[in-house]
Amino acid sequence: MKANIHPNYRPVVFIDAATGKKFLSASTVETETTVEFDGQEYPSVRMDITSDSHPFYTGKQKFTQADGAVDKFNKKFANFGFKNK
């Protein structure tokens, strides 16, 4: 590998802005802020949404009733004698 061309890959703390939950991961993201996590100082990045606050992962996502492709086909071509089996 060539020297001095790769980004700095290091541990970074990601903070969920909505819940305040922190988790440690490795990243090449550039940041100027730091935070203490498990007794050590790490670079930190604030995230608008993470798995801690995303509706899909928290179970608060609302599903809308949508007709499937098969139902649409059957409705559209019911008068022509076609039926998807």
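For clarity, every value in this text was computed on a predicted model and none was experimentally measured. Computed from heavy atoms alone, side chains included, the values below leave out hydrogens, waters and symmetry copies. Throughout, residue positions are numbered sequentially from 1 according to the sequence presented.
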**Q** Distance check, rounded to the nearest 0.5 Å: His6 atom NE2 versus Thr28 atom OG1?
**A** 12.0 Å

**Q** Can you give me the closest heavy-atom contact between Lys22 and Val13, atom names plus distance?
**A** CB-CG1, 3.9 Å

**Q** Mind listing the closest non-hydrogen atom pair of Ile49 and Asp16 along with its distance?
**A** C-OD2, 4.2 Å

**Q** With sequence neighbours excluded, what pairs up with Phe23 under the ring pair (Phe, Tyr, Trp, His ring centres under 6.0 Å) test?
**A** Phe14

**Q** Using atom types as modelled, flag every donor-acceptor pair under 3.5 Å from a side chain in residues 39-46 to any protein atom, sequence neighbours excluded.
**A**
from: Gln40; atom 1: OE1; to: Tyr42; atom 2: OH; distance (Å): 2.5
from: Glu41; atom 1: OE2; to: Thr34; atom 2: OG1; distance (Å): 2.8
from: Ser44; atom 1: OG; to: Thr33; atom 2: OG1; distance (Å): 2.9

**Q** Decide yes or no for Val29 and Val12: does some side-chain heavy atom of the first lie under 4.5 Å from some side-chain heavy atom of the second?
**A** yes

**Q** Between Gly20 and Ile15, which heavy-atom pair has the shortest distance, and what is it?
**A** O-CG2, 4.2 Å

